[in-house]
Number of protein chains: 2
Amino acid sequence: MNSGAAPSPAKRGRGEKSSPTIYDIARLAGVNPSTVSRALSKPGRVSAKTQKIIEDAAEQLNYQVNPFARALPTGRTQTIGLIVADITNPTFFDIIRGAETTGSARDYTLVLAESAESPETELTAARRMLSTVDGLILASPRMDDERIRALAADKPVVVINREIEGVPCVVPDVNKGISQAVRSLAANGHQQLAYVAGPAQSWMSRRRWEGVQAACDWYKLAAVRLESSKPTVDGGRQVARDVLASGATAVITYNDLLAIGLMQELQAAGMHVPDQISIVGFDDIFGADFTTPALSTVRSPLGECGSRAATLLLDMLLGQEGPAEAVRVDTELVVRGSSGRLIA
Amino acid sequence: MNSGAAPSPAKRGRGEKSSPTIYDIARLAGVNPSTVSRALSKPGRVSAKTQKIIEDAAEQLNYQVNPFARALPTGRTQTIGLIVADITNPTFFDIIRGAETTGSARDYTLVLAESAESPETELTAARRMLSTVDGLILASPRMDDERIRALAADKPVVVINREIEGVPCVVPDVNKGISQAVRSLAANGHQQLAYVAGPAQSWMSRRRWEGVQAACDWYKLAAVRLESSKPTVDGGRQVARDVLASGATAVITYNDLLAIGLMQELQAAGMHVPDQISIVGFDDIFGADFTTPALSTVRSPLGECGSRAATLLLDMLLGQEGPAEAVRVDTELVVRGSSGRLIA
DNA sequence: ATCAAACTGTCAACCGGTTGCCAACTATTG
DNA sequence: CAATAGTTGGCAACCGGTTGACAGTTTGAT
């Protein structure tokens with residue numbers, strides 16, 4: 001309607017020809033619009049003969065349903081929403097991809113929004129989305145449990161990377177990967193380990209630290225926790241000094257970015273990785289194998305998380321109950337070059 | 001409908017309470033629904049007094065418009081679509097982010113789809129999307145020009161990374177970055193340069209090769225073109241043999257992934273980068289600085305492309321004409337460690 | 001041949017906003 | 001105080017599908 005100069009009353013933005021409707025089909029096929037509607041969406045409700053006539057007519061007109069017209073009375077939109085904390089963060093790339101792929105395989109479209117790490121933005125985005133999508137996936141949400149439960153009471157919601165009582169969740173089970181990592185480090189002669197933590201409010205960071213502590217207990221390593229300023233390459237560089245000061249010969253970081261920054265800084269300071277210090281990251285993000293040595297890391301199957309979450313959500317939309325407890329996907333240690341035998 | 005166990009007649013999937021409508025507000029405020037509609041969307045059409053009453057009522061009921069109901073008569077959806085060739089490819093991450101960010105800044109929601117590098121999937125996705133969004137961004141489309149023009153005739157379309165006559169496009173202007181790269185290589189004593197090409201059907205790959213040829217002409221370098229099997233790290237590894245055989249001491253690759261694979265393979269074969277051979281990638285993707293040495297690369301401002309494309313699209317939705325010719329964004333050489341003086 | 005059960009297609013009432021048109025109600029001015 | 005212009009709110013008709021109720025048509029069994 002607003003194509004430049006003329007504010008013409010045409011309803012389609014461009015090229016006047018608005019798309020054909022079921023009424024057009026009905027006229028062409030010589031039946032009632034409602035019959036067309038049934039033919040196109042309720043298999044078996046109309047006779048094979050009329051069905052054929054209608055399908056041909058639809059074909060001929062190149063008909064496509066108007067999703068809004070359909071959504072209005074039914075409330076179904078064939079869309080799922082995904083809110084991620086930070087689009088810049090490679091951790092989410094795989095989640096996005098996983099969700100998009102399984103979504104579109106089942107004819108659902110993905111709607112994406114970012115919360116920019118802010119609980120308020122997140123809530124706003126979630127609220128806005130909730131009215132336009134059939135269900136919502138929250139990846140590493142920053143809101144408090146209560147708000148999330150409130151959203152979940154309204155429409156199906158699945159959470160990734162966090163466990164919330166009463167809301168279906170998909171979380172990597174870090175224990176397996178962490179124990180593999182700690183065992184491998186112990187076997188390579190390490191006795192002092194440092195964990196470089198992520199953001200204070202991160203559920204996952206706490207969780208990983210607990211896992212590290214437990215594994216170190218079991219394998220008889222000393223573990224210290226170091227704080228990072230931010231979970232980025234830069235944050236990793238900054239924490240290098242503390243790592244050195246801690247006397248640890250093995251480091252597990254909250255995520256790969258930290259590990260990469262840390263490794264760069266330690267190497268710049270003349271340390272040899274892994275002979276003098278072993279570094280194990282977390283997540284196995286894109287690019288983790290670009291470094292020299294390539295980064296050893298505990299792989300979180302992020303893509304699988306995204307796709308499992310989407311599957312869960314889609315099943316819930318079909319009327320299934322969400323799982324009572326969190327779905328756990330296994331993590332595993334990927335040994336590359338940055339961890340190995342300690343050469344004292 | 002198919003809500004699993006309980007085929008209740010409730011229209012909302014969950015929690016019975018469907019959200020308040022303008023009719024509810026109208027009743028509460030004691031006015032006609034149409035007045036409510038006007039108060040909420042046409043500023044100035046109703047008196048300040050009624051406006052206030054209605055807004056209060058809306059506030060009280062916690063009203064939110066139903067986007068579908070609004071979209072039905074107006075055709076406007078406050079949504080823009082983005083189709084990328086491959087969600088896995090980091091090149092697109094920045095584009096997605098750029099588009100999402102500027103989109104949401106202007107209250108538009110981003111709908112994402114992937115074409116999996118297939119022209120057919122792409123067309124299907126585009127068609128499906130076109131009916132649900134106000135405008136569409138195509139990033140590195142694989143369809144032929146004709147189809148894209150057909151889509152563009154229907155609704156506003158902006159293309160990224162390709163130039164199509166008659167369709168608004170945003171493309172990185174590779175010439176600047178390429179000449180910087182070639183000049184820098186020439187200055188460092190290189191005389192033989194190889195270009196590792198991307199997919200045969202890629203418009204961008206051809207374009208970059210042309211740029212390389214032109215720059216090499218100017219700076220008096222010999223340039224050969226080598227084919228890669230696929231534009232990935234693995235493809236880069238595979239092409240290493242040809243690179244060596246070509247006798248070139250400087251390489252520019254179609255993208256960073258190829259450069260990284262190539263560098264890894266050459267280093268594994270005992271070559272020293274950049275003393276014996278210089279490598280310059282393309283795009284400056286996430287992770288390009290994770291390598292040792294960090295990758296020199298011609299940066300394409302992908303994020304800016306995404307955001308420019310979104311801006312263009314949004315402006316077109318406001319009635320502006322699309323630009324007659326392609327919008328070019330500058331590329332620039334980022335010198336890191338992988339290119340430098342040739343030590344013969 | 002008769003009658004009930006099973007199919008099929010049609011009618012009409014929604015879903016929740018938007019908007020052209022008109023009437024009633026100010027406000028301004030002569 | 002009347003006439004005119006400008007506001008403001010209401011009515012009703014859409015947008016394009018979906019769906020419950022119903023009637024006409026088959027089909028099958030008795």
Side-chain angles (χ1 to χ4, degrees), chain A residues 1-2 7-13 16-54 57-58 61 63-78 131-132, chain B residues 1-3 7-13 16-54 57-58 61 63-78 131-132 134:
Chain A
M1 65 173 37
N2 42 22
S8 80
K11 60 184 171 312
R12 287 278 170 259
E16 311 308 292
K17 55 133 198 289
S18 72
S19 38
T21 71
I22 55 170
Y23 295 87
D24 299 325
I25 299 181
R27 208 175 313 124
L28 183 61
V31 298
N32 189 286
S34 61
T35 306
V36 177
S37 171
R38 294 212 169 87
L40 264 28
S41 48
K42 293 229 154 44
R45 181 56 172 73
V46 304
S47 68
K49 196 157 115 276
T50 352
Q51 176 88 25
K52 177 97 175 59
I53 298 176
I54 290 174
L61 291 174
Y63 171 78
Q64 285 185 240
V65 293
N66 178 327
F68 304 108
R70 171 174 285 176
L72 194 45
T74 62
R76 278 175 274 120
T77 68
Q78 294 288 310
S131 59
T132 71
Chain B
M1 64 183 58
N2 43 23
S3 281
S8 78
K11 58 185 171 311
R12 290 275 170 261
E16 311 308 292
K17 54 134 198 287
S18 70
S19 36
T21 72
I22 55 169
Y23 295 88
D24 299 324
I25 299 181
R27 209 175 314 126
L28 184 60
V31 298
N32 189 284
S34 62
T35 307
V36 177
S37 171
R38 292 202 175 96
L40 265 27
S41 48
K42 293 222 151 51
R45 180 57 173 74
V46 304
S47 69
K49 198 160 113 273
T50 349
Q51 177 88 25
K52 176 96 175 61
I53 298 176
I54 290 174
L61 291 174
Y63 171 78
Q64 285 186 241
V65 292
N66 178 328
F68 304 109
R70 171 174 285 176
L72 193 45
T74 61
R76 278 175 275 121
T77 69
Q78 294 289 313
S131 59
T132 72
D134 289 345

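Just so we're on the same page: letters track the sequence lines, and every chain starts at 1.
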Discussion item. Testing the basics here: between Y63(B) and P20(B), what is the closest heavy-atom pair and its distance to 0.1 Å?
Written reply: CD1-O, 3.3 Å
Worksheet item: Does Y63(A) put a side-chain nitrogen or oxygen below 4.0 Å from OP1 or OP2 of dG16(D)?
Response: no
Worksheet item: The side chain of R76(A) lies closest to which of these nucleotides: dG16(D), dG9(C), dT19(D)?
Response: dT19(D)
Fill in: A69(A) vs S37(B), nearer the 5' end of DNA chain C by closest nucleotide
A69(A)
Worksheet item: Between dG17(C), dC15(D), dT19(C), which one does the side chain of T21(B) approach most closely?
Response: dG17(C)
Worksheet item: the helix from dA1(C)-dT30(D) to dG30(C)-dC1(D): angle between its terminal axes, five pairs each, to 10°?
Response: 40°
Worksheet entry | side-chain contact (heavy atoms from CB on, under 4.5 Å) partners of R45(B), counting only residues at least two apart | R38(B), K42(B)
Worksheet item: Distance check: side-chain N/O of R70(B) vs OP1/OP2 of dG16(C), anything under 4.0 Å?
Response: no
Anything under 3.5 Å between a protein N or O and an N or O of nucleotides 20-23 of chain D, put it in a table, one pair a line.
from    : atom 1 : to     : atom 2 : distance (Å)
dG20(D) : N7     : R38(A) : NH2    : 3.3
dG20(D) : O6     : R38(A) : NH2    : 2.5

Worksheet, complete the sentence: Side-chain atoms of T35(B) come closest, of dC15(D), dT18(D), dG10(D), to dG10(D)
Worksheet item: So which nucleotide from dT8(C), dT10(C), dG17(C) ends up closest to the side chain of S47(A)?
Response: dT8(C)
Discussion item. Of the options dT18(C), dG10(D), dG17(D), whose atoms approach the side-chain atoms of P73(B) most closely?
Written reply: dT18(C)
Item to complete: Would you mind reading off the distance between F68(B) atom CZ and dG16(C) atom P, rounded to a whole angstrom?
Response: 12 Å
Fill in: Under the side-chain hydrogen bond (donor to acceptor under 3.5 Å, both in side chains) test, residues paired with Q78(B) that sit two or more places apart
none
Worksheet entry | Nucleotide dT19(C), atom P - distance to CD1 of I22(B) in whole Å | 11 Å
Fill in: Side-chain N,O (K42(B)) to OP1/OP2 (dT19(C)) below 4.0 Å
yes
Worksheet item: Who passes salt bridge (Lys or Arg N to Asp or Glu O under 4.0 Å) against K52(B), sequence neighbours left out?
Response: D56(B)
Response to the item:
Between P43(A) and S41(A), the two heavy atoms sitting closest are CD-O, 3.0 Å
Discussion item. Among residues at least two apart in sequence or on other chains, which ones pass side-chain contact (heavy atoms from CB on, under 4.5 Å) with A29(B)?
Written reply: V31(B), I53(B), I54(B), A57(B)
Item to complete: Check the distance between dG16(C)'s P and Q64(B)'s CD and give it to me in whole angstrom.
Response: 14 Å
Item to complete: Output yes when at least one side-chain N/O atom of N32(B) is less than 4.0 Å from OP1 or OP2 of dC11(D), else no.
Response: yes
